[in-house]
Protein chains: 2
Amino acid sequence: MSIEHTILGIISLVPCSGYDMKAEAERGSLSMLSALGFGSIYPRLKQLEEEGLVETQQVETEGRRKKIYELTADGWRELARWLEEPPGYPLPSRDDLLMKMLFWGTAGADRTALIEHLRARRDESLEVLDYLAEWQANETAFIDEYGLLVLTYIKTRLEAEISWIALATAQLEGPPELPLRDKQWLAVLQKARRSKALDQETHS
Amino acid sequence: MSIEHTILGIISLVPCSGYDMKAEAERGSLSMLSALGFGSIYPRLKQLEEEGLVETQQVETEGRRKKIYELTADGWRELARWLEEPPGYPLPSRDDLLMKMLFWGTAGADRTALIEHLRARRDESLEVLDYLAEWQANETAFIDEYGLLVLTYIKTRLEAEISWIALATAQLEGPPELPLRDKQWLAVLQKARRSKALDQETHS
DNA sequence: AGTTCCATGTAACCCGTTACATGATTAC
DNA sequence: GTAATCATGTAACGGGTTACATGGAACT
């Protein structure tokens with residue numbers, strides 16, 4: 001659904017080739033919002049051209065031929081229509097780290113491994129922040145009022161994550177706590193179920 | 001990839017049927033991290049049983065028959081193995097609102113529509129926060145140390161989003177600002193390109 | 001001469017979602 | 001009796017990712 005409009009949006013910024021679009025999508029804020037592969041781009045461009053939303057122009061630059069895509073009148077209208085259409089609430093974002101954390105208590109795993117996961121995440125997020133700062137400082141990047149707001153959003157989210165990680169690791173370095181609420185004694189049952197399953201096997 | 005481990009994780013919390021798993025995945029923090037449909041659950045359960053990671057038990061409760069799934073020794077080991085495996089950095093989360101915002105400047109759309117989008121998002125996020133608070137207050141919910149940390153993360157993220165929205169709407173209610181940096185005069189070119197495309201059509 | 005980069009595409013595959021199909025039980 | 005809920009599945013479809021295929025230009 002969204003890939004189509006991502007493409008239209010990129011072209012609206014600056015007419016370019018399919019190859020350029022991938023590079024464009026990997027820069028700045030867009031890189032945090034989309035993941036475009038050639039396998040998605042080219043077939044979609046073909047389709048968009050058939051629908052009359054974009055048109056191409058063969059260009060020869062520095063001995064290289066490429067197809068530069070530009071929006072048609074219908075393309076501009078479709079982009080505007082999409083923009084004004086109420087955006088859907090984002091789908092649950094699958095996050096392996098959070099998912100693992102949720103189930104950490106049940107598998108009797110080592111707490112230090114979880115702390116390691118958290119630290120690794122923090123380091124990666126710090127790198128992303130660095131990258132964004134660098135990109136923003138880059139003199140050639142195009143940033144308008146809206147782009148800056150998006151950038152602020154992403155930064156805020158990353159910074160919130162990083163400070164949460166500090167909090168979480170601090171707590172996990174302390175002694176394990178019993179479940180805060182467990183009316184059905186699930187925690188106790190879990191241990192019993194797990195031991196039973198593992199023991200049964202060793203004795204067979 | 002992740003669906004398989006989500007299922008193993010849910011079973012590790014409490015043995016249940018495929019039907020129950022969907023309900024479980026729609027409760028609490030998990031609902032913010034996963035989206036399980038029956039079409040994904042049942043085939044996967046079948047497969048997991050063939051692989052020997054789970055086993056079933058036909059149960060008759062209150063006149064209803066259901067297949068209760070429980071982890072095998074291999075299942076518990078696979079879960080533990082997955083937990084300790086370093087989680088990947090989350091993929092770019094496609095967010096329609098942010099995406100639209102990025103391209104807002106190019107299509108000459110009305111700022112008030114964007115403000116409306118932001119308000120709608122804020123309202124939805126507030127509802128999610130309410131839901132989570134209610135779930136947490138619910139006496140029967142199982143929450144351990146790890147689950148609470150996850151819950152804190154989600155809340156933090158939503159609160160950060162909401163305060164960002166306040167900031168963004170406040171700015172958008174003011175007068176439009178010119179692009180902060182635009183070495184190639186893209187903003188000007190955009191307007192020209194758009195007018196040209198739209199004009200050409202009306203005159204043909 | 002060989003590797004990297006620019007550039008465009010196709011085809012197979014995986015995976016998840018949607019829609020469909022079924023049937024029993026409980027609530028109104 | 002009829003609607004809603006519990007309960008389990010299958011089949012088709014769609015969409016994106018991965019891998020593959022090609023070719024010229026530029027750099028080393």
Side-chain angles (χ1 to χ4, degrees), chain A residues 1-8 10-11 14-27 30-31 33-51 54-69 88-94 96 99, chain B residues 1-8 10-11 14-27 30-31 33-51 54-69 88-94 96 99:
Chain A
M1 294 277 139
S2 202
I3 272 196
E4 179 184 325
H5 294 107
T6 307
I7 290 178
L8 293 180
I10 291 175
I11 300 177
V14 58
C16 57
S17 67
Y19 190 86
D20 295 332
M21 283 174 209
K22 183 163 192 267
E24 198 59 44
E26 282 162 357
R27 266 197 281 273
L30 238 194
S31 65
L33 301 174
S34 73
L36 290 185
F38 289 126
S40 315
I41 294 176
Y42 288 117
R44 204 51 78 99
L45 280 173
K46 200 175 168 185
Q47 179 191 327
L48 286 171
E49 197 175 7
E50 281 164 13
E51 292 169 9
V54 302
E55 55 189 10
T56 57
Q57 198 187 342
Q58 282 282 356
V59 170
E60 199 103 4
T61 335
E62 302 145 16
R64 284 209 160 87
R65 9 180 160 63
K66 46 161 116 179
K67 285 163 84 172
I68 300 291
Y69 287 84
Y89 199 76
L91 297 174
S93 53
R94 60 177 63 257
D96 252 30
M99 196 73 94
Chain B
M1 291 282 136
S2 200
I3 274 197
E4 179 184 324
H5 294 107
T6 307
I7 290 179
L8 293 180
I10 291 175
I11 301 178
V14 57
C16 59
S17 67
Y19 190 86
D20 296 332
M21 283 174 211
K22 182 162 194 268
E24 197 59 42
E26 282 163 356
R27 266 198 281 276
L30 237 193
S31 65
L33 301 174
S34 72
L36 289 185
F38 289 126
S40 315
I41 294 176
Y42 287 115
R44 204 51 77 101
L45 278 174
K46 201 176 168 185
Q47 179 190 327
L48 286 172
E49 198 177 4
E50 281 164 11
E51 292 169 9
V54 302
E55 54 190 10
T56 56
Q57 197 186 341
Q58 281 283 355
V59 170
E60 198 102 4
T61 335
E62 302 146 15
R64 284 210 160 88
R65 13 185 157 61
K66 50 161 116 175
K67 286 163 83 170
I68 300 291
Y69 288 84
Y89 200 76
L91 297 174
S93 52
R94 56 176 65 257
D96 252 30
M99 196 74 93

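Chain naming here is simple, since letters A, B, ... match the order of the sequence lines and numbering starts at 1 in each.
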d(OH, B:Tyr42; C1', D:dA11) in whole Å:
17 Å
What heavy-atom pair brings A:Ser34 and B:Pro92 nearest, and what distance separates the two atoms?
O-CG, 3.3 Å
I need the minimum non-hydrogen distance between A:Ser17 and A:Ile68, along with the two atoms involved.
N-CD1, 4.1 Å
Go through D:dG16, D:dT8, D:dG9 for me and flag the one nearest to the B:Lys66 side chain.
D:dT8
State, to 0.1 Å, how close B:Leu36 and B:Ala25 come at their nearest heavy-atom pair, and which atoms those are.
CD1-CB, 3.9 Å
Salt bridge (charged side-chain N to carboxylate O under 4.0 Å, His left out) between A:Lys22 and A:Glu26, intermediate numbers included
CA-CA 6 Å; A:Lys22 183 163 192 267; A:Glu26 282 162 357; 3.2 Å; yes
Protein-nucleotide distance (B:Tyr19, atom OH; C:dG23, atom C1'), rounded to Å
14 Å
In terms of side-chain heavy atoms of A:Lys67, which of C:dG9, C:dC6, D:dT10 is nearest?
C:dG9
In this structure, which one of A:Leu45, A:Leu48, A:Ile7 forms a side chain to side chain contact (heavy atoms under 4.5 Å, CB included) with A:Tyr69?
A:Leu45
When you look at CD of A:Gln57, are more than 12 heavy atoms from neighbouring residues, nucleotides or ligands closer to it than 6.0 Å?
no
Hey, what are the protein-to-nucleotides 17-20 of chain D N/O distances that come in under 3.5 Å?
residue	atom	partner	partner atom	Å
D:dT17	OP2	A:Ser40	OG	2.9

Find the distance A:Leu45:CG to D:dG16:P and express it as a whole number of Å.
13 Å
Do A:Ile11 and A:Met21 come close enough that some side-chain heavy atom pair is under 4.5 Å?
yes
Do side-chain atoms of B:Thr6 reach the backbone of B:Ser2 as a donor and acceptor pair under 3.5 angstrom?
yes
What is the distance, rounded to the nearest whole Å, between atom CD1 of A:Ile41 and atom P of C:dA7?
13 Å
Polar-atom pairs under 3.5 Å, protein N or O versus N or O of nucleotides 23-28 of chain D: list them with distances, or write none.
residue	atom	partner	partner atom	Å
D:dG24	N2	A:Arg64	NH2	3.4

Spacing between B:Tyr69 atom OH and D:dA7 atom P, to the nearest angstrom
13 Å
What is the separation between atom CE on B:Met21 and atom C1' on D:dG9, rounded to the nearest whole Å?
14 Å
Whole angstroms only, please: what is the CD-C1' distance between B:Gln57 and D:dA7?
17 Å
Integer-rounded Å distance: D:dG16 C1' and B:Leu91 CG
12 Å
Could you please spell out the steps behind the salt bridge (charged side-chain N to carboxylate O under 4.0 Å, His left out) verdict for A:Glu24 and A:Arg27?
CA-CA 5 Å; A:Glu24 198 59 44; A:Arg27 266 197 281 273; 3.1 Å; yes
Is any side-chain nitrogen or oxygen of A:Lys46 closer than 4.0 Å to OP1 or OP2 of C:dT10?
yes
